[in-house]
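In what follows, every chain begins at residue 1, and chains take the letters A, B, ... in the order their sequences are listed.
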There are 6 protein chains.
Amino acid sequence: MPIVTIQVTREGHTPGANAVTAEEKKQLIEGASKLLLDVLNKPLDTTFVVIQEVDMDNWGVGGMTVPEYRRHKQAKQS
Amino acid sequence: MPIVTIQVTREGHTPGANAVTAEEKKQLIEGASKLLLDVLNKPLDTTFVVIQEVDMDNWGVGGMTVPEYRRHKQAKQS
Amino acid sequence: MPIVTIQVTREGHTPGANAVTAEEKKQLIEGASKLLLDVLNKPLDTTFVVIQEVDMDNWGVGGMTVPEYRRHKQAKQS
Amino acid sequence: MPIVTIQVTREGHTPGANAVTAEEKKQLIEGASKLLLDVLNKPLDTTFVVIQEVDMDNWGVGGMTVPEYRRHKQAKQS
Amino acid sequence: MPIVTIQVTREGHTPGANAVTAEEKKQLIEGASKLLLDVLNKPLDTTFVVIQEVDMDNWGVGGMTVPEYRRHKQAKQS
Amino acid sequence: MPIVTIQVTREGHTPGANAVTAEEKKQLIEGASKLLLDVLNKPLDTTFVVIQEVDMDNWGVGGMTVPEYRRHKQAKQS
C-alpha cells in the first residue's frame, strides 16, 4: 500500500496552459501506480498518489525563488 | 511534541457542503490531539495538527483520479 | 482515502520502554482511523496511517534539540 | 541535495499584510539555502526549499485551531 | 524541479529478500524520473526522488497494522 | 508555530565522519529556528525542526541513486 507524493511547481507545460492539466495529472497518477506495480508488484488498488502543486515563488533553488533562478540562468547563458 | 498531518480530499461530507467544514476541522484537531495525549501522554499544548485538503483530481488510487475511480467502482457494482 | 502521518520522538512512554511500543502503535493506528470514520465518515479500509519515529537529536524546539530543551526547561523551573 | 520544507500559517507578519510577502519568501529561501551551505557545505544550487502556507483553521495546537488557541491564551493572560 | 516521495512498507518483494533491494530502488528512481520527463518535460537532472521505507508495524490500514490487516483479510477469504 | 523539515543524505560532511554529527544537527536546528524568528517574527519556542537523514541509495537525482550520479558526474569531468 504505497504512497507516492509528487511535488511540482504550479505552471503550464504545454502551449497556452498555465497549470498542470487534468490530462497530465491522469498520466502522472497512472504512471506512478504502474511503476509500483511493475517494480514491487503492488496492486494498483492499494497505491495512493498525491500531487502537490506549489506556487512558483514558494519554491526555491540556488538560494532564490524559481522565477529568479531561471532569469539568473538565462542571463548567464546569453 | 508530536506532529499529526491529516491529508483528505477536498470535498463535502455532509449534505450541502462541498468542503471539510470548520466544525469538522475542529473535531479532527481535537481528536488527533487527544489521541496523542491518551496513548503517549503528550500534553495537548505540544501537539501540532496540520490538515491538508487535496483537490479531487490531484489524488489518485487504482491508477486513476478519485472521481474516475469512484465512477469505475459504481459501474462495476451496478 | 485519507492519509494520517504521525511524527513522534523515538522514546519510551511507559516505565522500562525506550521506544513507542507495539501496543501503543496499534492504539495510534486504530484511534486515527476511527477519528476519520467518526468525523468524515471515511471507511476504515480506505485510511492509511504512517507513524514516523524521529531520533531525539533530530527533533528541535526552542532552537535546541529536544534533550537540550528539556534540560533547559527543568533548570529554569528549579 | 537537501530539501527544506517550511510550513507556516497563512497570515501576515507585517502591518497591512495578510499573507507571507514575496520579500519574506525570498529571505526564507535564501536563509535556508545558506544554512545548508554553512553547516553541511551543500552547494546552493543543489538545495530545494518548499514553503507551504497552511490556512489558519487547518492548523491545530493545544487541541484547537490556531485562532481559537490564541483567543484562549489571551483570555488567560488578561 | 519536481520532488517525488515514495513511501513503501519495509519488506521483501522477491524470494529471499526481506527489504526493497538496491536493484528495485534503482528502478523506482529511474521510473519516477522518466515519468516526470515524459509527462511534464522535466529534465532528469532536476528531479529528486526520495524513497522512505516504513516498518510494517508503523503502517496502518483498516484500523490495524499491516501484518494484522493481512492476517485478517486472509482469514476472511479462507 | 512553524514546522521546518530538513531532508539530507545520510553521509559525513567532515573528515572521519560518516553521518551528520550532533554538532551539525544543533546548528541546523538553531539556524532554522532563528531564520523563522528573523524573517517572520516567530518565537523560538513555537518552531519545530525535524531532520530526516535518508540513506544514499534511497535518494535519487538525474534518474539514478546519488552514489551513481556522483560517479557519473566525475567520469564526465575527467
Side-chain angles (χ1 to χ4, degrees), chain D residues 1-15 17-43 45-70 72-73, chain F residues 1-15 17-43 45-70 72-73:
Chain D
M1 47 218 69
I3 303 168
V4 181
T5 306
I6 300 176
Q7 294 172 292
V8 291
T9 42
R10 197 190 306 276
E11 63 181 310
H13 301 87
T14 46
N18 60 2
V20 183
T21 65
E23 180 55 32
E24 289 162 345
K25 289 176 184 178
K26 278 190 196 186
Q27 291 176 22
L28 289 175
I29 287 169
E30 190 184 343
S33 304
K34 279 193 177 161
L35 181 66
L36 272 293
L37 173 62
D38 290 346
V39 178
L40 297 183
N41 204 28
K42 302 290 188 186
D45 263 13
T46 65
T47 294
F48 285 1
V49 181
V50 175
I51 301 171
Q52 295 181 340
E53 297 170 272
V54 177
D55 285 347
M56 297 279 276
D57 57 345
N58 280 5
W59 196 300
V61 61
M64 311 170 208
T65 64
V66 167
E68 282 179 294
Y69 183 72
R70 290 186 182 159
H72 189 76
K73 269 188 80 170
Chain F
M1 47 218 69
I3 303 169
V4 181
T5 305
I6 300 175
Q7 292 173 294
V8 292
T9 42
R10 196 188 308 276
E11 63 182 311
H13 301 86
T14 47
N18 60 2
V20 183
T21 66
E23 180 55 32
E24 289 162 344
K25 290 176 183 178
K26 279 190 196 186
Q27 291 176 22
L28 288 175
I29 287 169
E30 190 184 343
S33 304
K34 279 193 175 160
L35 181 65
L36 271 294
L37 173 62
D38 290 347
V39 179
L40 297 184
N41 204 28
K42 302 289 188 185
D45 264 12
T46 64
T47 293
F48 285 2
V49 181
V50 175
I51 300 171
Q52 294 181 341
E53 296 170 272
V54 177
D55 286 346
M56 297 279 275
D57 58 345
N58 280 4
W59 194 299
V61 60
M64 311 169 206
T65 64
V66 168
E68 282 179 295
Y69 183 73
R70 290 185 182 161
H72 189 76
K73 267 188 80 171

Show me the donor-acceptor pairs within less than 3.5 Å that the side chains of residues 36-43 of chain D make with the rest of the protein, sequence neighbours left out.
residue : atom : partner : partner atom : Å
D/Lys42 : NZ   : F/His13 : NE2          : 3.0

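For a heavy-atom cut-off of 4.5 Å, chain D lies close to no residue in residues 46-57 of chain F. For residues 59-67 of chain F, a heavy-atom distance under 4.5 Å to chain D picks out F/Trp59, F/Val61, F/Val66, given by residue number.
The candidate from D/Ile6, D/Leu28, D/Val4 with the greatest count of non-hydrogen atom pairs under 4.5 Å with chain F is D/Leu28. Of the listed residues (F/Ile3, F/Thr9, F/Val20), the one with the most heavy-atom contacts under 4.5 Å to chain D is F/Ile3.
Nearest approach of F/Leu35 to D/Ala32, heavy atoms of both residues: CD2-N, 3.5 Å.
Under the side chain to side chain contact (heavy atoms under 4.5 Å, CB included) criterion, D/Thr14 pairs with D/Ala17, D/Thr21, D/Glu24, not counting sequence neighbours.
Only the side chain of D/Glu11 comes within contact range of chain F, with heavy atoms under 4.5 Å apart.
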